[in-house]
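Worksheet: the structure to be examined is printed underneath.
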Amino acid sequence: TAVVKAFCQTVRNGGYKAGVYASKSWYANQLNASALNGYCIWVAQYNSSCTYSGKYDMWQYSSKGKIGGISGYTDLNIKGNVDMNISYTGY
């Protein structure tokens, strides 16, 4: 958590909005998420709903999305799939 906070502060000091992307499990078990107040929290949980109980600003719900005109990550052999996210904040 201390390293994440230091990174986010460095990003913020550069004049940018800082945020943290991690899985629901990482937020629940590896990070002190309450210490990350003030930073954008982006939770990855591939599910029909996000069950993370903390505050979050974005939710990545799938890696199998299909968007017209996007062919996917061919270098990773993930043909045609894209990550799908919902933002609950305005950018």
Side-chain angles (χ1 to χ4, degrees):
T1 302
V3 172
V4 170
K5 284 180 72 172
F7 173 81
C8 286
Q9 191 58 50
T10 300
V11 170
R12 184 177 280 168
N13 290 346
Y16 299 96
K17 184 169 180 146
V20 182
Y21 169 85
S23 68
K24 175 191 171 192
S25 174
W26 262 84
Y27 280 118
N29 301 309
Q30 303 296 322
L31 295 170
N32 177 2
S34 63
L36 301 173
N37 269 348
Y39 301 115
C40 178
I41 301 297
W42 185 1
V43 178
Q45 181 188 16
Y46 298 164
N47 198 13
S48 60
S49 64
C50 185
T51 60
Y52 176 64
S53 60
K55 173 197 112 28
Y56 59 95
D57 303 289
M58 294 179 65
W59 168 42
Q60 184 174 89
Y61 62 90
S62 176
S63 64
K64 298 182 184 210
K66 303 285 186 194
I67 303 289
I70 298 176
S71 60
Y73 302 101
T74 56
D75 60 326
L76 298 176
N77 205 24
I78 304 172
K79 301 203 177 176
N81 294 340
V82 296
D83 292 339
M84 301 298 288
N85 302 276
I86 296 174
S87 173
Y88 299 101
T89 186
Y91 288 101

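Since we're looking at a predicted model, the values are computed, not measured.
- Applying the side chain to side chain donor-acceptor pair (under 3.5 Å) test to T10 and every residue at least two apart in sequence or in another chain returns nothing.
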I'd like a table of donor-acceptor pairs (distance under 3.5 Å, sequence neighbours excluded) in which one partner is a side-chain atom from residues 34-44, with atom names and distances.
residue: S34; atom: OG; partner: N32; partner atom: OD1; Å: 2.8
residue: Y39; atom: OH; partner: Q9; partner atom: OE1; Å: 3.2
residue: W42; atom: NE1; partner: N85; partner atom: OD1; Å: 3.0

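- Here the closest heavy-atom approach between residue Y56 and residue Y88 is recorded as CE1-CE1, 3.6 Å.
- Residue S25 holds its OG atom at 10.0 Å from CG of L31, rounded to the nearest 0.5 Å.
- Counting Ile, Leu, Val, Met, Phe, Trp and Tyr side chains that sit under 4.5 Å apart, directly or through other members, Y16 shares a hydrophobic cluster with F7, V11.
- Of all heavy-atom pairs between C8 and A18, the closest is O-CB, 3.4 Å.
- Applying the salt bridge (Lys or Arg N to Asp or Glu O under 4.0 Å) test to pairs two or more places apart or on separate chains, those with a residue in residues 44-58 are K55-D57.
- Y52 and I86 fall within the same hydrophobic cluster, defined by Ile, Leu, Val, Met, Phe, Trp and Tyr side-chain heavy atoms under 4.5 Å apart, directly or through other members.
- Listed by first then second residue, pairs satisfying salt bridge (Lys or Arg N to Asp or Glu O under 4.0 Å) with a partner in residues 6-16 number zero, not counting sequence neighbours.
- In this structure, W59 contributes its side chain and Q45 its backbone to a donor-acceptor pair below 3.5 Å.
- For K17, there are no salt bridge (Lys or Arg N to Asp or Glu O under 4.0 Å) partners at least two apart in sequence or on another chain.
- For K24, the side chain to side chain donor-acceptor pair (under 3.5 Å) partners at least two apart in sequence or on another chain are T51.
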